[in-house]
Amino acid sequence: MELSRLNQQTFLALLKAAAASASSRRLPSLHAVYIKLGFLAHTRVTTGFIQGYCAARRVTDARRMFDEMPRQDTVSFNSMIHGYAVSGDVASACRLFEQVPAPTPVTWTSMVAGLCRAGDVGSARGVFEKMPERDLVSWNAMISGHVGNRQPVEALCLFGRMMEEGFAPNRGTVVSVLSACASAGALETGKWVHVYIEKNRLRWDEFLGTALVDMYAKCGAVELALEVFAGLRTRDTCTWNAMINGLAMNGYSAMALDMFRQMELDGRVVPDEVTFVGVLLACSHGGSVDAGREHFNMISRKYGIDLVLEHYACMVDLLARSGHLQEAHKLITEMPMKPDVVVWRALLGGCRLHKNVKMAEIVITEMEATCSGGHVLLSNLYAAVGRWNGVEDVRRTMRSKGIEKIPGCSSVEMDGSIHEFISGDKSHPSYDDIHAKLIEIGGRMQQQGHVTETTEVFYDIEDEEKEQALGHHSEKLAIAFGLIGGSPDATIRIVKNLRFCMDCHKFAKLVSKIYQREIVVRDSARFHHFRGGTCSCNDFW
DNA sequence: GTAGGGTTAG
């Protein structure tokens, strides 16, 4: 039977609608009609069904139709491969990829994206490099794959290569690249992208606005984030979330809460669970326990949003930080889901801050020791109160369980490229200069009568040795590097993967005073803006 | 528009 153009379009429209509604209950009945009318030979419509079933996470049904269709074309192959890739079945995607008669950039890109989604960036990159020809989307897929797998520096390098090869970035590209800049703290590159957007008049949408606001906020340039945010025509929930969270991370707690109020007043968008992570973060960094409790209660009562693990983690963090250790512990025991290591670590952090060893020991026995974070915190806590045998015990436990301490890593952007420093690493080409600078800094600090804090070094060793070990913390290397290079009045911007230790925090404060340099450090929890010997966090983190 | 790439939290 001939399927008229109208019917074909009607069918495709119906399919699209059916696939869009998450439950996809209508797919089977559409399927039945389709069989009854004998339309199986219509490749386009069958492909539509394949996509519909894939979108409904019914890949097996999609595959059955694919196998039954009389003429499989490139598009149906690609749709099927993409379906496998999205569902996480990379093996099947690979097998089918081998059978495609004439793979196009779309086919290859589906594989690249699928491997990235599955977390195998290495293989994805291998496939990407093997592609006979790449188009813009292929580049975008690989760039976003690196970003999604926490490899922002690789993403930025690839972006550079893409431009060298003459591809003009589009919105998809810049959104991913801005996200890379955000996680790497690459402000200069981010600014360049901003200029590129304006110059080439890329069309603004919520994705682009959000990515730009987020980039500025995550690079510690709050004023610029606010400026962009104010100038946006359209803002969705994500955009507001990026702004609220950006303010919270940078220590502007009151402004973050005010922004949330504005969001409510605006009325065009509805807060979601992410919004409240930002709001609670603001309360936490501002030390506002009461506001935190109020907002926490609001989440489900006023907004009907289900509380998720992150909300509990924030709340435990807030309570524990401000010394309400019992209440924090009680909240953990009462929460409806299994607490994860982030939650326990938040409580442990509070125990360390308030030097409550007893509670910390309870916590450590209650939490399943699967991650190094808790152990390191406990070990630091023992060190802080001088219980060196405790430190050694924890170390031994970690060794026996094969838990490794995550190495500290700090990065600095210099002249548009990112320099990474790993704790204790001596491999950077400028290491000798950095080392000399660190000695110079130490000398100037001593001249001014400052003694370094040594309580957070993990072993009971002589003080000089401890200082030596501290000298190698990654943020110190990065700060020294920042002092050597760049213009003498430029802000030194650093991104660190772990939290600041007490000593490095003090170090940064002193450097900002002695060298009259602004230093901005984003650690794993928040921002620290150092200026004239003080920090925006008021030593509360 | 029958196919591939994009933002926020943790």
Side-chain angles (χ1 to χ4, degrees), chain A residues 8-9 11-13 15-16 19 42-52 54 73-83 85-86 93 100 103-114 116-117 128 131 134-148 150 162 167 169-180 182-183 202 205-215 217-218 232 235-246 248-249 269 271-281 308-314 317 340-343 345-346 524-525:
Chain A
Q8 182 172 303
Q9 278 180 348
F11 237 106
L12 287 169
L15 272 169
K16 212 174 171 189
H42 292 271
T43 310
R44 283 181 162 222
V45 183
T46 311
T47 303
F49 272 107
I50 291 171
Q51 289 159 10
C54 285
D73 64 357
T74 316
V75 179
S76 45
F77 263 105
N78 292 347
S79 301
M80 197 60 235
I81 289 173
H82 178 239
V86 169
V100 183
T104 66
V106 177
T107 327
W108 286 89
T109 305
S110 295
M111 284 309 302
V112 169
C116 288
R117 216 173 275 130
F128 177 81
M131 288 175 69
R134 289 181 277 266
D135 63 12
L136 185 56
V137 180
S138 322
W139 286 94
N140 292 354
M142 196 62 238
I143 289 171
S144 78
H146 280 302
V147 178
R150 299 175 171 216
M162 172 188 137
F167 287 92
N170 66 1
R171 239 180 323 150
T173 324
V174 300
V175 170
S176 292
V177 171
L178 286 172
S179 171
S183 44
L202 294 194
D205 65 1
E206 288 83 353
F207 281 63
L208 193 51
T210 305
L212 201 57
V213 167
D214 183 54
M215 183 278 293
K218 288 235 178 76
L232 291 176
R235 307 169 186 140
D236 62 8
T237 302
C238 287
T239 322
W240 285 93
N241 291 351
M243 195 64 248
I244 291 170
N245 188 57
M249 268 191 330
V269 291
D272 64 5
E273 68 271 20
V274 179
T275 316
F276 286 99
V277 175
V279 168
L280 292 176
L281 198 67
V308 295
L309 193 58
E310 283 75 16
H311 297 136
Y312 284 97
C314 286
D317 184 62
D340 71 347
V341 67
V342 179
V343 174
R345 212 158 46 191
S524 62

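First the proteins, then the strands, lettered A, B, ... as listed; each starts at 1.
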Can you check the [X] [atom1] to [N] [atom2] distance for me, whole Å?
X        : N      : atom1 : atom2 : answer
A:Leu232 : B:dT8  : CG    : C1'   : 13 Å
A:Arg150 : B:dG10 : CZ    : C1'   : 8 Å
A:Glu206 : B:dG6  : CD    : P     : 17 Å
A:Phe77  : B:dA3  : CZ    : P     : 18 Å
A:Asp272 : B:dT8  : CG    : P     : 13 Å
A:Arg44  : B:dG1  : CZ    : P     : 12 Å
A:Ile50  : B:dA3  : CD1   : C1'   : 11 Å
A:Leu212 : B:dT8  : CG    : C1'   : 14 Å

Problem set entry | Aromatic ring pairing A:Phe167/A:Trp139, orientation class (parallel under 30°, perpendicular over 60°, tilted between) | tilted

Taking only the side-chain heavy atoms of [X] (C-beta and beyond), determine which of [options] contains the nearest atom.
X        : options              : result
A:Arg171 : B:dG4, B:dT8, B:dG6  : B:dG6
A:Leu281 : B:dG6, B:dT8, B:dG10 : B:dG10
A:Val342 : B:dT7, B:dG10, B:dG4 : B:dG10
A:Phe207 : B:dG6, B:dG4, B:dA3  : B:dG6
A:Thr47  : B:dT7, B:dT2, B:dG4  : B:dT2
A:Pro105 : B:dG6, B:dA3, B:dG4  : B:dG4
A:Ser144 : B:dG6, B:dT8, B:dG4  : B:dG6
A:Ala242 : B:dT8, B:dT2, B:dG4  : B:dT8

Return no unless some side-chain N or O of [X] is found under 4.0 Å from OP1 or OP2 of [N].
X        : N     : result
A:His82  : B:dG4 : yes
A:Ser176 : B:dG6 : no
A:Thr210 : B:dG6 : no
A:Asn245 : B:dT8 : no
A:Lys218 : B:dT7 : no

Give one of base, sugar-phosphate or nothing for [X], where a contact means two heavy atoms less than 4.0 Å apart.
X        : answer
A:Val277 : sugar-phosphate
A:Arg117 : sugar-phosphate
A:Ser179 : sugar-phosphate
A:Ser138 : base
A:Asp340 : nothing

Seminar exercise, completed: Taken in chain and number order and not counting sequence neighbours, the residues that satisfy side chain to side chain contact (heavy atoms under 4.5 Å, CB included) with A:Val175 are A:Phe207, A:Leu208, A:Ala211

Problem set entry | Partner residues of A:Asp340 under the side chain to side chain contact (heavy atoms under 4.5 Å, CB included) criterion, sequence neighbours left out | A:Leu309, A:Val342, A:Val343

Going by modelled atom types, is there a donor-acceptor pair between the base of [N] and the side chain of [X] at under 3.5 Å?
X        : N     : value
A:Asn170 : B:dG6 : no
A:Ser110 : B:dG4 : no
A:Asp205 : B:dG6 : yes

Exercise. Going by atom types alone, do A:Ser76 and A:Ser79 pair a side-chain donor with an acceptor below 3.5 Å?
Worked result: no

Exercise. Does A:Ser176 reach the side chain of A:His146, with side-chain heavy atoms less than 4.5 Å apart?
Worked result: no

For this session: With the side chain counted from C-beta on, respond yes when A:Thr173 and A:Met162 share a heavy-atom pair under 4.5 Å apart, and no when they do not.
Result: yes

For this session: Identify the two heavy atoms, one from A:Val137 and one from A:Thr109, that lie closest to each other, and give their separation to 0.1 Å.
Result: O-CG2, 4.0 Å

